[in-house]
Number of protein chains: 2
Amino acid sequence: MTKQRWLGKEPVSLATVAAQAGVSIATVSRIVNGETRRASPETVERVQKLISTLGYRPNHVGRTLRRRESRIVAMLSPNLDNPAMAGIAASVETALRSAGYVMILCDTHDRADLQDEYLHAMRSQVVQGYVVVNAVQSDGLSAAVARGDPIVFVGRRNPDGGGSFVGIDNWRAGIDAADHLWSRGFRELAVTYPLQGSSATRDRVGGFIARLEQLGLTRNAVRQAGASGLSHLEVGYAAAKSLVDGRPWPQALFCPSDLMAYGAYRLASEHQVQVPKECSIIGVDDNTLNAWIAPWLTSVRIPYGDFGDRVVEQLQVLWAGEPGSEQLLPHELIVR
Amino acid sequence: MTKQRWLGKEPVSLATVAAQAGVSIATVSRIVNGETRRASPETVERVQKLISTLGYRPNHVGRTLRRRESRIVAMLSPNLDNPAMAGIAASVETALRSAGYVMILCDTHDRADLQDEYLHAMRSQVVQGYVVVNAVQSDGLSAAVARGDPIVFVGRRNPDGGGSFVGIDNWRAGIDAADHLWSRGFRELAVTYPLQGSSATRDRVGGFIARLEQLGLTRNAVRQAGASGLSHLEVGYAAAKSLVDGRPWPQALFCPSDLMAYGAYRLASEHQVQVPKECSIIGVDDNTLNAWIAPWLTSVRIPYGDFGDRVVEQLQVLWAGEPGSEQLLPHELIVR
DNA sequence: GGGAACTTGGCAAACGTTTGCCTAAACTGT
DNA sequence: ACAGTTTAGGCAAACGTTTGCCAAGTTCCC
């Protein structure tokens with residue numbers, strides 16, 4: 001009794017409308033779905049009036065069971081606290097909505113077990129597709145891919161390879177960062193990275209170093225330091241610490257994410273090192289807040305706001321039974 | 001054919017398992033739900049083995065239709081891009097998950113029409129409850145409240161009054177900010193606010209001004225400026241601009257949100273005004289990033305990470321048929 | 001040995017939709 | 001007038017579960 005009060009006092013269904021209108025459920029269903037040719041104009045009008053006065057709304061659960069499509073898409077994201085992830089979530093949500101879908105959001109905390117748990121749970125919910133941001137390797141994911149479930153990978157590629165992907169050319173982003181610093185005349189360079197890095201951060205760092213070698217720096221001339229930790233903020237701080245431990249700060253430091261750059265910045269502040277005067281820091285993401293409170297940071301802007309549309313495009317491709325593709329969006333170096 | 005490939009090649013249902021096991025659907029259903037006393041130990045084992053080898057997972061849609069509970073909760077939030085909102089979303093998601101629910105996330109962009117559209121859509125999805133962050137007044141919302149739908153309001157109270165609420169004592173937060181600045185000896189004070197402000201920001205500003213009057217400042221001694229705009233970042237910038245237009249900067253400035261404080265900070269930077277040396281800025285929220293890149297900002301910390309548990313508590317109260325209550329969480333002034 | 005109680009499990013009705021098929025009645029053309 | 005077509009709408013099966021009720025068979029107690 002009290003348990004189902006959430007349904008409203010009057011769970012008005014097709015049957016309710018049909019009874020009031022004196023027609024069959026089938027007829028009401030057809031009218032609801034716009035198939036007006038199967039009923040006389042008077043019937044249609046009578047039923048439509050009743051629908052609006054009774055406030056009838058099709059029950060999606062019944063519809064899903066019958067039609068076998070839920071219009072629900074699951075998004076699995078690691079830590080939503082990361083502004084970049086939140087940006088992706090917002091963008092995808094908006095794009096899905098305008099395509100008539102709703103999004104179930106799952107925070108995997110970057111853990112393989114939680115990712116699997118969610119993948120299972122979402123399958124139970126009969127979701128129509130998955131958007132997996134920064135996927136980690138896991139059995140459940142491999143199984144879903146093998147099953148042919150429609151999955152769009154965002155940020156990181158499918159750990160098992162293949163499939164739909166939306167992101168940027170991370171290697172190229174690293175190259176662009178290197179070119180920028182080089183053209184400014186910096187030669188004492190350093191890079192920090194997360195130890196349990198994903199393909200995305202690895203590529204950024206890889207591109208950065210490879211480019212510098214191409215430009216004439218020896219591999220050892222580029223100082224490198226990794227660290228591990230929960231958040232990129234802490235990773236950036238710790239990595240920077242081990243980088244400058246007892247040594248002078250480099251002229252410029254490349255961090256494969258803005259959060260890591262923030263971590264490095266904190267250490268620089270503690271060391272009274274001025275950014276960017278004494279040490280330039282360059283990150284990746286270009287968080288919205290940078291323009292307001294971190295103008296000292298140069299960053300490779302990733303157009304997260306454009307991800308949503310591409311993700312939905314890819315989902316539609318997969319739903320059509322065609323193979324997905326890689327969508328690389330343009331990034332842009334922002335200097336303030 | 002291709003259309004339903006997402007279901008997997010073998011949509012294994014109770015019927016599948018039952019057929020293989022040579023028992024009825026009912027028996028399998030009972031075993032799945034742990035009602036083992038209704039079958040012989042051998043049957044139970046045989047069925048359970050089959051369940052795991054076939055990879056059977058209960059279909060939530062069928063279950064929802066029958067049981068009339070979807071274990072889905074809808075969260076309506078304005079702009080997820082705001083780190084505070086993202087923090088709430090993350091916290092609520094985690095709390096819901098550990099209570100066995102999943103969350104559908106809807107970004108209302110602070111628009112009444114979108115809020116209504118989502119409320120309708122979620123009702124169709126037969127969600128079991130709603131978490132509405134910074135609700136705006138709308139017909140659909142009033143209707144949902146009147147219907148007795150379980151709704152927990154977060155951040156802003158129910159515009160129509162009453163109901164469950166999770167948030168902080170905003171008036172008190174304003175008071176605390178005033179006390180802090182006063183105790184530091186500042187007497188030339190100012191405050192900015194959004195023109196189309198919510199009850200939350202109004203209360204913060206109201207408490208701030210009321211306290212200063214109590215302390216002996218006349219109302220006119222507190223400089224005030226409002227502005228409107230899409231984002232609090234821009235509002236903060238514009239309000240600060242109109243505040244200092246041709247006049248000296250105050251000793252301290254209260255902004256009812258961190259984002260507004262960031263906006264004011266940008267203007268201060270453009271005016272070569274040092275923060276906090278020449279002008280102290282105090283915000284509300286205490287964004288995680290403050291410790292890393294905005295140590296100049298004093299802020300009233302809102303424990304967003306604790307919101308999730310309280311929200312779920314309130315939902316459970318509502319589901320039990322009891323009236324919800326107001327949950328005011330403790331805030332804390334953070335000075336760096 | 002006979003009723004009571006328990007064990008094991010099946011039947012079938014719901015939950016709200018959608019949709020292929022059927023059927024009358026009305027209309028059309030010749 | 002009669003066959004053929006169109007119109008208007010109902011029937012019932014399915015989608016995957018859950019669960020109240022019923023029915024045999026077994027055990028137990030006196």
Side-chain angles (χ1 to χ4, degrees), chain A residues 3-4 6-8 10-48 50-51 54-71 123-128, chain B residues 3-4 6-8 10-48 51 54-72 123-128:
Chain A
K3 202 67 177 289
Q4 65 172 43
W6 53 269
L7 254 182
E10 12 111 37
V12 36
S13 70
L14 280 184
T16 323
V17 180
Q20 299 256 339
V23 295
S24 78
I25 292 182
T27 300
V28 182
S29 171
R30 284 192 271 254
I31 291 175
V32 165
N33 291 311
E35 191 159 337
T36 50
R37 299 175 310 160
R38 296 290 304 270
S40 71
E42 308 92 63
T43 308
V44 169
E45 205 202 318
R46 183 158 38 98
V47 168
Q48 275 171 343
L50 227 42
I51 285 177
L54 290 180
Y56 167 76
R57 291 253 146 192
N59 177 322
H60 250 77
V61 178
R63 180 173 281 181
T64 296
L65 192 56
R66 170 65 216 224
R67 285 206 193 146
R68 329 217 55 182
E69 52 174 56
S70 59
R71 303 204 78 81
R123 197 149 108 90
S124 290
Q125 295 281 359
V126 198
V127 301
Q128 284 186 257
Chain B
K3 202 68 179 288
Q4 67 174 39
W6 53 269
L7 253 181
E10 12 111 40
V12 37
S13 69
L14 280 184
T16 323
V17 180
Q20 298 256 338
V23 296
S24 77
I25 292 183
T27 300
V28 182
S29 170
R30 285 192 271 253
I31 292 175
V32 165
N33 292 312
E35 192 159 337
T36 51
R37 299 175 311 159
R38 297 290 305 273
S40 72
E42 309 92 63
T43 309
V44 170
E45 207 203 316
R46 183 159 37 101
V47 169
Q48 274 171 344
I51 284 176
L54 290 180
Y56 168 76
R57 292 255 145 189
N59 177 320
H60 249 77
V61 178
R63 180 173 280 180
T64 296
L65 191 56
R66 170 62 216 230
R67 285 208 192 141
R68 330 215 55 182
E69 52 175 56
S70 59
R71 303 203 79 82
I72 296 182
R123 197 148 107 90
S124 289
Q125 295 281 0
V126 198
V127 301
Q128 281 185 260

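Residue numbering restarts at 1 for every chain, and letters A, B, ... go by the order of the sequence lines. Just so it is clear, the values below take in all heavy atoms, side chains as well, and ignore hydrogens, waters and symmetry mates.
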Partners of [X] by side chain to side chain contact (heavy atoms under 4.5 Å, CB included), sequence neighbours excluded?
X	result
Arg66(B)	none
Glu45(A)	Lys49(A)
Ala21(B)	Val23(B), Arg46(B), Val47(B), Leu50(B)

Considering only NZ, NE, NH1 and NH2 on the basic side and carboxylate oxygens on the acidic side, decide whether Arg71(A) and Glu69(A) come within less than 4.0 Å. yes
Rounding to a whole Å, what distance do you find between [X]:[atom1] and [N]:[atom2]?
X	N	atom1	atom2	answer
Ile31(B)	dT18(D)	CD1	P	13 Å
Arg57(A)	dT17(C)	CZ	P	12 Å
Glu35(A)	dT17(C)	CD	C1'	14 Å
Glu69(A)	dG16(C)	CD	C1'	16 Å

Minimum side-chain heavy-atom gap [X]-[Y] below 4.5 Å:
X	Y	result
Pro58(A)	Val32(A)	yes
Tyr56(A)	Val28(A)	no
Ile31(B)	Gln48(B)	yes
Leu65(B)	Val61(B)	no

Interface polar pairs with nucleotides 12-15 of chain D, N/O, under 3.5 angstrom:
unit_1: dA14(D); atom_1: N3; unit_2: Arg66(A); atom_2: NH1; d: 3.3
unit_1: dC15(D); atom_1: O2; unit_2: Arg66(A); atom_2: N; d: 3.3

Please list, pair by pair, any protein nitrogen or oxygen found under 3.5 Å from a nitrogen or oxygen in nucleotides 5-9 of chain C.
unit_1: dG9(C); atom_1: OP1; unit_2: Thr43(B); atom_2: OG1; d: 2.9
unit_1: dG9(C); atom_1: OP2; unit_2: Ser40(B); atom_2: N; d: 2.5
unit_1: dG9(C); atom_1: OP2; unit_2: Thr43(B); atom_2: OG1; d: 3.2
unit_1: dG9(C); atom_1: N7; unit_2: Arg38(B); atom_2: NH2; d: 2.9
unit_1: dG9(C); atom_1: O6; unit_2: Arg38(B); atom_2: NH2; d: 2.4

Classify the nucleic acid contact of Ser29(A) as base, sugar-phosphate or nothing, counting any heavy atom under 4.0 Å across all strands shown.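 Base: the residue Ser29(A), judged by heavy atoms under 4.0 Å, touches a nucleobase.
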Indicate whether any N or O donor in one side chain lies under 3.5 Å from an N or O acceptor in the other, for Asn33(B) and Arg63(B).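 Yes - a donor-acceptor pair under 3.5 Å links their side chains.
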Nearest 0.5 Å, please: how far is CD in Gln128(A) from OG1 in Thr64(A)?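 Thr64(A) atom OG1 to Gln128(A) atom CD measures 8.0 Å (nearest 0.5 Å).
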Taking five pairs at each terminus, the helix from dG1(C)-dC30(D) to dT30(C)-dA1(D) shows an axis bend, to 10°, of 40°
